[in-house]
Protein chains: 2
Amino acid sequence: MQRRDLQRRDLQRRDLQKHGRHGGGADAGDRPDPEALAPPERITLGTQVYDALRDLLIAGGLAPGERLSLRTVAERLGTSMMPAREAVSRLVADEALEVLPNRAVRVPVITLQTFRELTRVRIAVEGFAAAEAAQACGPGELAAIRDHDAAFRSEVQATAPDLERAMRANRDLHFAVYAAAGLPSLIAIIEGLWLRIGPVLNLDMRSSPRRLAEGEAEAHHARLVAALATGDAEGARAALAADIASSAAFIETTGRLAS
Amino acid sequence: MQRRDLQRRDLQRRDLQKHGRHGGGADAGDRPDPEALAPPERITLGTQVYDALRDLLIAGGLAPGERLSLRTVAERLGTSMMPAREAVSRLVADEALEVLPNRAVRVPVITLQTFRELTRVRIAVEGFAAAEAAQACGPGELAAIRDHDAAFRSEVQATAPDLERAMRANRDLHFAVYAAAGLPSLIAIIEGLWLRIGPVLNLDMRSSPRRLAEGEAEAHHARLVAALATGDAEGARAALAADIASSAAFIETTGRLAS
DNA sequence: CCAGCCTAAGTGTGATCACAGATCACGGCA
DNA sequence: TGCCGTGATCTGTGATCACACTTAGGCTGG
């Protein structure tokens with residue numbers, strides 16, 4: 001019954017576009033597009049499928065071990081098999097998906113060893129990003145970070161916390177910090193790391209939401225924001241490292257990771 | 001005359017395999033393959049094309065700004081257009097290639113700003129890898145590192161240095177160190193970084209080989225190896241950072257980078 | 001009733017075709 | 001002589017088909 005695989009909410013009926021330009025159907029009239037002066041962004045169907053799957057992975061919409069099918073993905077998103085192929089190929093290259101010797105595509109099952117390794121790399125890389133951010137952070141970036149921090153705090157302190165929004169706020173907060181470092185290539189690296197830990201992280205958080213209520217993450221975030229505000233690079237690095245480490249320690253206690 | 005694009009030596013006549021398994025031709029008899037007990041590695045044509053292009057980029061076989069064509073790559077490697085597509089798509093995702101709004105694929109032209117950013121990220125990430133290696137390095141890894149160091153030194157001190165082999169020895173030395181850190185995901189990240197700076201680095205080195213003779217790199221390598229041998233993490237980090245920084249400084253002096 | 005084969009559906013991979021857009025050289029007009 | 005329009009060609013992208021292979025389910029023989 002793997003028919004259920006992609007019936008999760010986010011991927012449903014996205015209908016990227018109605019068979020692109022090849023469908024022969026009237027394109028509903030091409031308007032002049034008043035904001036055409038923007039740089040002509042590349043938006044191929046393959047990229048859109050890639051983004052859809054990527055968001056799904058980071059947000060935990062796909063569980064570790066879950067199997068995928070090119071044809072299913074394509075059909076679910078209303079495209080042909082080709083864009084799905086390209087998207088899956090790229091994700092496999094990122095190690096966000098894996099294709100077994102049986103030719104089956106699935107979300108990788110992270111072992112405990114791999115998880116610890118990724119955590120160490122994350123602490124190093126994301127810690128560096130936080131330290132850089134502390135030195136390069138301007139008032140605008142700091143305000144955005146504070147906003148995301150407030151959104152996260154208000155969400156986890158609510159009487160009925162919405163885990164989905166809390167995790168998204170947490171993610172936005174982290175990447176706002178990384179963006180403040182002013183190193184785009186670092187952000188790409190970190191996104192690749194999140195792509196791999198996203199499934200296990202979100203899955204475990206979702207299965208035991210009480211961890212958020214303990215307020216541990218909030219404390220780390222508070223220290224992080226304070227360090228950023230004062231330009232304390234090492235303080236920011238330590239706060240972020242502690243945030244990652246405590247989160248990872250919690251994940252390990254759930255015991256869901258493979259040996 | 002972009003027909004010349006892929007006529008560089010490395011990519012010539014590689015002939016991955018004669019049309020794979022779909023060609024009706026006899027497969028020259030499938031032998032039992034005595035080493036079949038190895039894990040069933042995934043070796044698709046797309047992956048092989050990807051590896052070929054990747055090696056070419058890291059080795060400097062493709063110059064910044066050089067244009068590529070899916071059909072040319074495919075024909076040059078003796079495959080169809082599909083594997084070339086997959087390979088190029090993955091490289092574009094890695095930002096090792098870029099596709100212009102005109103739909104033209106080329107090796108990105110790194111700006112000075114981007115180069116400096118990549119250098120900073122490299123110093124952080126590769127420096128961390130070196131520090132980890134200093135703590136995790138065993139006698140076997142250390143011996144391999146020494147071998148590569150000796151190979152590099154003997155090559156640059158030769159009366160007629162072979163730049164190709166010198167650069168390869170340098171690369172092998174670096175990645176032997178990173179491998180000693182025991183963090184596979186870190187290696188993947190660093191490979192992605194080298195994929196981007198490879199073209200400019202190799203091109204400039206090739207255009208002015210005298211830099212190698214100055215012995216600066218050798219000194220950094222010696223300090224690095226010494227630090228690794230004594231388990232001096234910070235010393236290894238500093239040596240590697242100095243190596244990268246001096247190399248980057250030299251590249252900047254050539255003035256070949258775009259504004 | 002259970003074990004074994006064996007067919008049929010489903011998988012990713014590769015090849016081929018179709019299409020929209022960009023580039024560039026050539027030729028005709030002013 | 002200079003410039004603009006125009007068509008052939010080449011580009012990546014998407015769709016479709018073909019194939020080798022795996023796997024799961026239904027049948028048959030014991």
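Residue numbering restarts at 1 for every chain, and letters A, B, ... go by the order of the sequence lines.
- At D:dT23, one or more side-chain N or O atoms of A:Asn102 fall inside 4.0 Å of OP1 or OP2 (strictly under the cut-off).
- The interatomic distance linking A:Glu75 (CD) with C:dT11 (P) rounds to 10 Å, in whole Å.
- Between B:Thr44 and C:dT13 there is no side-chain polar atom (N or O) within less than 4.0 angstrom of OP1 or OP2.
- The base of D:dG14 lies close enough to the side chain of B:Arg85 for a donor and an acceptor atom to sit less than 3.5 Å apart.
- Rounded to whole Å, atom P of C:dA15 lies 12 Å from atom CD of B:Glu86.
- A:Leu70 has its CG atom 12 Å from the C1' atom of C:dG10, to the nearest Å.
- For residues 167-178 of chain A, no residue pair satisfies the salt bridge (Lys or Arg N to Asp or Glu O under 4.0 Å) rule, not counting sequence neighbours.
- Considering only residues two or more places apart in sequence or on other chains, A:Ala176 meets the side-chain contact (heavy atoms from CB on, under 4.5 Å) condition with A:Ile145, A:His148.
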*Determine, step by step, whether B:Tyr50 and B:Glu86 satisfy the side-chain hydrogen bond (donor to acceptor under 3.5 Å, both in side chains) criterion, reporting the C-alpha distance in whole Å, the side-chain angles of both residues, the deciding distance to 0.1 Å, and the verdict.*
CA-CA 8 Å; B:Tyr50 174 81; B:Glu86 182 186 326; over 6 Å; no
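- Contacts between residues 89-99 of chain B and DNA chain D, counted as heavy-atom distances below 4.0 Å, involve no residue at all.
- Residue contacts for B:Val88: at a heavy-atom cut-off of 4.0 Å it reaches no nucleic acid atom on any strand shown.
- The separation between A:Leu45 atom CG and D:dG12 atom C1' is 13 Å, rounded to whole Å.
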Please list, one pair per line, the donor and acceptor atoms closer than 3.5 Å that link side chains of residues 95-102 of chain A to other protein atoms, with sequence neighbours excluded.
unit_1: A:Glu98; atom_1: OE2; unit_2: A:Arg106; atom_2: NE; d: 2.8
unit_1: A:Glu98; atom_1: OE2; unit_2: A:Arg106; atom_2: NH2; d: 3.0

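- Atom-to-atom, CD1 of B:Ile43 to P of D:dC21 comes out at 12 Å; the value is rounded to the nearest Å.
- Atom pair B:Arg71:CZ and D:dG12:P shows a separation of 7 Å (rounding to whole Å applied).
- A donor-acceptor distance shorter than 3.5 angstrom exists from the side chain of A:Asn202 to the backbone of A:Gly198, with no hydrogens or angles considered.
- Look at B:Ser69 and you'll find a side-chain N or O under 4.0 angstrom from OP1 or OP2 of D:dT11.
- If you take CZ of A:Arg103 and C1' of D:dC21, they are 5 Å apart, rounded to a whole angstrom.
- Applying the side-chain contact (heavy atoms from CB on, under 4.5 Å) criterion to B:Ala133, with sequence neighbours excluded, gives B:Val177, B:Ala180, B:Ala181, B:Leu228.
- Computed from coordinates, the A:Met82 CE to D:dC17 C1' distance equals 13 Å when rounded to whole Å.
- Under the side-chain contact (heavy atoms from CB on, under 4.5 Å) criterion, A:Ile197 pairs with A:Leu118, A:Arg122, A:Leu201, not counting sequence neighbours.
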